[in-house]
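So that we are looking at the same thing, I have put the structure below in structure tokens.
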Amino acid sequence: MTEAILHIFLALLLAPLLPGVISRVKASLAGRNGKPLFQLYFDLARLLRKGAVYSHTTSWVFRAGPMLGLAAMLAALCLLPAAGGSALFSFKGDFILAAYLLAMSRFAIILAALDTGSAFEGMGASREAAFSALAEPVFLLSLLPLGMIGGSYSLSSMLLPDAWNVPPLDRPVLLLLSASLFLVLLTENSRIPVDDPNTHLELTMIHEVMVLDHSGVDLAFIEYSAALKLWFFSVVVGSLLLPPIWSSYLIVLLSVFSMAVAVGLVESIMARLRLVRVPQLLSLAFGLAALACLLCLR
Amino acid sequence: MVFLLCSLFLFAGGGLCAVLAGRGKRASIIGAVFALLASLAGLIPAVRAIAARILAQPAVFYLDLGALPIGRALFRLDALSAFFLVPIFLLAGLCAIYGVGYLARVHDSDPGRRHLGVQWLFFNLLAAGLVLMIVAADAFLFLLAWEIMSLAPFFLISLHDEELKVRTASWIYLVAAHLGALCLLALFALLAARSGGSLAFADFETAKIMAGDLGGALGGTGVMFVLAVLGFGAKAGLMPLHVWMPETYPAPPSHVAAFMAGAMVNAGVYGLFRCLEFFGPPELWWAYLLIVLGAFSALLGILLALIQNDIKRSLAYSSVENMGIVHLAAGFGLYAAVAGSHGLSILCFAAGLLHLFNHSLYKALLFLSAGSVRSRTGTAELSRLGGLQKRMPVVGCCFALGAASITALPPFNGFAGEFFLYVSLATGGSQGDFAGLIYWVGLAVLAAVGGFTLLCFTRLYGLAFLGEPRSEAARQSGPVSFLERLPQLALCLLCLAAAFAAPWLASVITSFVVPELGFSAQVFRPADIAPVQLLTSVNSVFLVFLLLLGGLVLLRSLLLRGRPVKNSPTWDCGYAVPSARMQYSGGSFSQPASHFMRALLGGQAHLPEIRDYFPAGARAYLSFPDRIKEGFFRPLFLICLGVANWCKRLQHGRVNGYILYMLLVLVALLAWKVGGHD
Amino acid sequence: MPVSLPLFSLSPWVQAILGLILILNLGLLAAERQQICIRLLALQGAAISFLPLVMEWDVAAWTLFALTLAFLFIKGIALPHMLRRAHRSLPASAPVPPYLGYTRSILAGLLGFAFALWLAVSMPTPANPLFLALFAPAFGTILTGLLLIVTRRKALTQIMGYLVMENGIFLLGIPLVRGDTYWLELTVMLDIWVGIFVMVLAVYHLNRAVHTTDVDRINSLRD
């Protein structure tokens with residue numbers, strides 16, 4: 001119980017570090033100095049001190065969107081197991097609730113984007129919804145073999161700390177799953193082969209363009225929930241890959257930040273895919289997950 | 001039981017009184033008051049039966065109806081019927097309240113043009129037919145009620161019969177209803193043949209035990225099952241038989257559409273579940289059939305829903321999707337039952353029933369809200385709406401809640417049923433062998449459907465209610481009357497209540513309703529999956545979510561206090577004269593998804609051909625014809641039409657010809673009977 | 001297993017009458033002009049009327065005579081007379097070829113008689129041997145009547161076909177007569193008489209209204 005709460009605090013505290021790590025990795029690979037590691041902290045602090053500007057068009061939906069999104073994200077975090085222990089709430093099927101809480105967060109942000117009546121934000125909303133609709137089955141399907149290996153369909157036993165001690169036949173399953181989940185991570189967090197967070201043209205953005213009209217506290221909430229989402233997926237993918245020699249917070253941190261480094265590496269060596277090619281990426285992920293399921297069921 | 005009969009008589013009597021009261025608003029009030037009273041009276045036994053769980057012995061009673069050929073009408077109120085009665089009575093009452101407001105506007109716009117009394121007669125008959133069908137315990141009464149329930153909507157749909165679309169819709173409905181009823185007639189004839197001519201449901205059930213000898217001669221129970229799927233599936237809108245739904249639901253007044261979409265579709269599921277009791281041990285291919293049809297309906301239904309421009313059409317396709325999910329659950333229930341895992345089977349059926357119950361509530365809510373939109377703006381097309389959240393805030397909030405519920409988002413009521421089904425499917429797959437794979441395939445389909453539902457309903461709500469109005473009518477619209485608002489608010493409350501009552505509902509369904517389905521008679525062992533505990537845990541996370549939300553609201557208001565909060569135009573990228581028409585449209589919003597899924601959806605781009613250096617006005621558009629309708633039913637019905645036209649030549653007006661037919665038949669009959677003798 | 005029909009066990013008078021009826025059937029199918037048809041029909045009616053006399057019913061002799069006279073009056077005189085009057089009241093018109101040519105009609109009539117024979121052979125043996133004996137000619141006559149109705153274009157000829165059919169039914173009913181049941185025959189015939197009366201009237205009025213009795217043209221009245 002206490003360690004679960006501790007893990008949540010850790011996530012709340014350290015999640016904004018992840019985008020910083022990613023951009024530092026990218027910068028150093030490109031031979032630049034890059035943004036400070038704690039840039040997102042500075043941004044959040046600045047945004048939280050500001051007032052707000054709202055469009056004439058918007059209604060309460062626009063104002064409620066960021067709060068709903070962050071609340072759902074935080075609730076999902078409560079379902080994420082801590083290092084070695086179980087999550088704050090752990091029951092059979094909690095991975096579905098987590099996935100739907102993420103969907104709730106997306107729902108709120110999409111509606112807030114549509115509330116502005118702007119074509120740009122509508123475009124971003126449309127693409128976000130379409131991509132995550134394709135990513136949803138991949139995500140859930142990738143978690144199923146984990147439940148089978150772990151013995152129970154609860155995130156706490158799915159993301160088991162002794163993933164390294166599984167029967168040897170299940171190791172390729174884990175490898176396949178971590179690959180497919182990593183692709184889901186990239187999609188869900190609007191990372192490079194799917195979406196470029198650093199682009200300068202509204203027409204090519206997906207996530208960033210959805211939040212064009214948000215300002216002040218609202219924008220801070222959105223940025224923060226995006227960072228938490230990255231943390232959530234990093235824990236999921238990372239726990240499959242790293243050998244839990246000791247089940248400790250250090251390992252969790254290591255796995256999470258190594259995920260951030262991996263994302264940074266991918267962003268450095270790849271270009272953004274054309275929009276119509278993204279489904280191919282996701283069908284690749286789906287194929288990996290399905291293969292893992294087949295291997296697992298044998 | 002007295003209350004149930006009271007309710008039936010109140011429905012019927014109310015309809016008659018409404019007709020006697022004439023064309024005006026008085027008829028409206030009389031009809032609605034009777035419907036409301038009947039609903040309240042009917043809710044008493046239904047809710048009591050469920051809440052007290054006293055119906056270990058189902059209440060069987062009968063009325064002596066000497067005038068009818070069956071002599072006496074058998075009724076039976078058991079757990080399954082009580083469970084299906086609750087949404088019917090709830091929606092009948094609420095839709096009646098809404099109907100008073102709606103029909104009053106119709107009357108005011110053109111006094112005397114339409115006969116409101118007749119409308120109420122058929123509305124009440126529809127409700128009475130539904131109730132009667134659900135408590136009927138013999139085939140004759142069942143089919144009679146089925147016909148009443150199937151015919152009444154025809155007259156309700158054709159209220160606005162000056163529109164060609166409405167007339168077409170009512171005819172399509174009538175044809176579909178009758179084709180379905182035809183299958184049911186054949187089904188019950190077969191069942192009656194098996195039970196030795198008896199029409200009572202109880203005899204059907206006893207006959208299944210000694211089935212096999214006679215069953216084989218009639219093509220076995222397989223034929224019956226297929227007939228049941230065809231007949232009941234047509235009513236529920238299962239995929240290849242769904243074509244009437246998107247045509248029919250947009251046509252009638254909204255309270256009727258809401259009642260049809262919320263309560264009448266359940267009739268199809270009820271019929272199928274009821275008949276499962278009669279068929280005897282299920283076979284594996286039945287399960288496969290239901291799973292395939294259900295998955296197909298769910299996936300294609302939601303994809304078709306997300307490309308529609310008309311809100312109600314989109315909602316109709318979403319009904320197809322939801323019914324697909326229910327049948328998917330039932331299919332997996334059968335599959336598990338065949339495989340011998342009865343706990344899982346019960347869970348799957350329970351998931352389907354829970355989903356069905358929740359669907360009744362939020363689908364009715366969405367239809368009522370969409371009806372308010374259309375009655376205020378004169379259109380339900382997304383390309384003409386927008387900005388309604390500010391103009392009709394209550395309706396907007398109701399629609400938003402309905403959209404969140406149907407997307408199965410926590411903490412709303414759509415989540416429980418789908419969660420239940422997900423958990424069942426996930427555990428079903430982990431039996432270790434390869435046969436479990438189908439559960440996971442079902443889960444992947446369900447997940448994809450979930451994703452597209454989010455796309456579909458953010459699109460409906462976002463484009464109709466948010467942003468700037470896209471037409472003058474939408475700009476001029478205003479709030480709706482109290483009578484139209486009240487049922488929507490009530491349904492909102494019911495949705496929220498159902499979300500938090502999910503553990504209780506689940507326990508009622510698993511321990512009480514599902515065992516009523518004859519074939520999974522084994523005792524449910526809660527050790528497999530404890531549905532109540534799971535949903536209680538889910539509820540606690542819901543609470544955490546709501547607490548967090550409250551905390552954030554507080555935090556935001558604290559932070560923003562005393563700070564400058566300004567208003568400005570939306571960011572327009574520096575463009576000087578943005579207009580409402582530049583907003584993202586319905587077609588563009590769904591374009592990426594429809595493009596990605598084009599293999600399933602089809603769709604044609606109609607692009608203008610540019611020949612000249614100075615091209616004239618041109619028009620480009622995308623169209624997504626329903627491929628099942630265009631590719632299967634249209635050719636089929638064209639062939640039928642051809643055959644019918646050819647057959648018309650038999651009626652040529654020449655007496656000689658007619659007598660020739662008789663001669664031929666006479667000769668043929670004699671040759672057959674006499675010649676076959678030796 | 002062919003069964004020999006007890007046709008030839010009947011008295012020679014009956015055989016002669018049945019033979020005459022069959023020949024008249026073929027004649028009716030072959031006749032082109034309506035007057036001839038009417039005469040042939042009258043002859044057939046008269047021939048049939050004598051059957052009670054030669055059938056050795058166990059009825060009083062005066063009844064038999066009365067019956068024969070009644071049948072003779074209705075079938076041989078009254079009905080042909082009505083038809084003749086109707087024929088005369090209609091405007092003269094050139095004979096129109098039937099749907100099925102005359103030669104083919106005869107062949108079809110023969111085929112019908114063959115079918116009737118086959119039926120008689122393959123039928124379960126009835127208790128009444130007389131029924132079996134009379135069945136083939138009777139049913140052949142019925143088929144001839146139907147054939148006339150089906151293939152002819154003029155309304156009047158169709159009525160005659162109807163009458164021929166009635167003759168067949170009459171034949172079919174003869175073996176069933178036991179004691180006083182000849183009233184059955186009588187009532188059937190009266191029925192037919194009324195029917196013909198109505199039909200002739202209808203044809204007459206139809207002709208006044210649409211100026212034709214050609215059934216092809218009457219088609220325009222359908223729907």
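Chain naming here is simple, since letters A, B, ... match the order of the sequence lines and numbering starts at 1 in each.
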Practice task
Kindly give the heavy-atom pair with the smallest separation between B:Leu455 and A:Ser126, and that separation in Å.
Solution key: CD1-O, 4.2 Å
Handout entry: Part of A:Asp213 within contact of chain B (heavy atom distance under 4.5 Å)
Key = side chain
Practice task
Taking the side chain as every heavy atom from C-beta outward, state whether B:Thr570 and A:Tyr54 have any atom pair closer than 4.5 Å.
Solution key: no
Exercise for the section: Measure across B:Arg563 and A:Leu48 and return the closest heavy-atom pair with its distance rounded to 0.1 Å. Expected result: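 Looking at all heavy atoms of both residues, the closest pair is NH1-O, 2.7 Å.
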Exercise for the section: Indicate yes or no: at least one non-hydrogen side-chain atom of A:Met123 is less than 4.5 angstrom from one of B:Ser588. Expected result: no
Exercise for the section: Kindly state whether the ring of A:Tyr100 and the ring of B:Tyr422 have centres lying under 6.0 angstrom apart. Expected result: yes
Practice task
Evaluate the side-chain proximity of A:Arg63 to B:Arg556: yes if any heavy-atom separation is below 4.5 Å, no if none is.
Solution key: yes
Problem - Heavy-atom pairs under 4.5 Å with chain A, option from B:Val553, B:Leu548, B:Leu463 with the top count - result: B:Leu548
Handout entry: Smallest separation among heavy atoms of B:Met582 and A:Ala119, with atom names
Key = O-CB, 3.2 Å
Exercise for the section: Side-chain contact test, heavy atoms from C-beta onward, threshold under 4.5 Å: evaluate it for B:Gln583 versus A:Thr116 and give yes or no. Expected result: no
Handout entry: N/O donor-acceptor pair under 3.5 Å between A:Lys50 side chain and B:Leu560 backbone
Key = no
Handout entry: Check: A:Thr57/B:Glu468 side-chain N/O donor and acceptor closer than 3.5 Å
Key = yes
Fill in the blank from the handout: Against chain B, residues from residues 215-224 of chain A with at least one heavy atom under 4.5 Å, in numeric order, are A:Val217, A:Asp218, A:Phe221
Exercise for the section: Determine whether the aromatic ring centres of A:Phe131 and B:Phe596 lie less than 6.0 Å apart. Expected result: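 Aromatic pair counts; centres sit under 6.0 Å.
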Problem - Straight-line distance of A:Leu101 CG to B:Phe415 CZ, nearest 0.5 Å - result: 7.0 Å
Practice task
Compare every heavy atom of B:Ala444 with every heavy atom of A:Pro137, then report the nearest pair and how far apart it is.
Solution key: CB-O, 3.6 Å
Exercise for the section: Please state whether the side chain, the backbone, both or neither of A:Ala99 comes within less than 4.5 Å of a heavy atom of chain B. Expected result: neither
Exercise for the section: Anything in residues 273-285 of chain A with a heavy-atom distance to chain B below 4.5 Å? Please list those residues in order. Expected result: A:Leu275, A:Val276, A:Pro279
Exercise for the section: Against chain B, label A:Leu144 side chain, backbone, both or neither, depending on which of its atoms sit under 4.5 Å from a heavy atom there. Expected result: both
Handout entry: Residue pair B:Ser540 / A:Phe89: nearest heavy atoms and the distance that separates them
Key =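 Nearest pair, atom of B:Ser540 first, then A:Phe89: OG-CE2, 3.7 Å.
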Handout entry: Non-hydrogen side-chain atoms of B:Thr427 and A:Lys92 separated by less than 4.5 Å
Key = yes
Practice task
Pick one of side chain, backbone, both or neither for A:Leu143, based on which atoms fall under 4.5 Å of a heavy atom in chain B.
Solution key: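 Neither part.
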Practice task
Identify the two heavy atoms, one from A:Ser59 and one from B:Leu466, that lie closest to each other, and give their separation to 0.1 Å.
Solution key: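 Looks like OG-CD2, 3.9 Å.
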Exercise for the section: Would you mind checking which part of A:Leu212 comes under 4.5 Å of any heavy atom in chain B, side chain (CB onward), backbone (N, CA, C, O), both or neither? Expected result: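 Looking at A:Leu212, just its side chain touches chain B.
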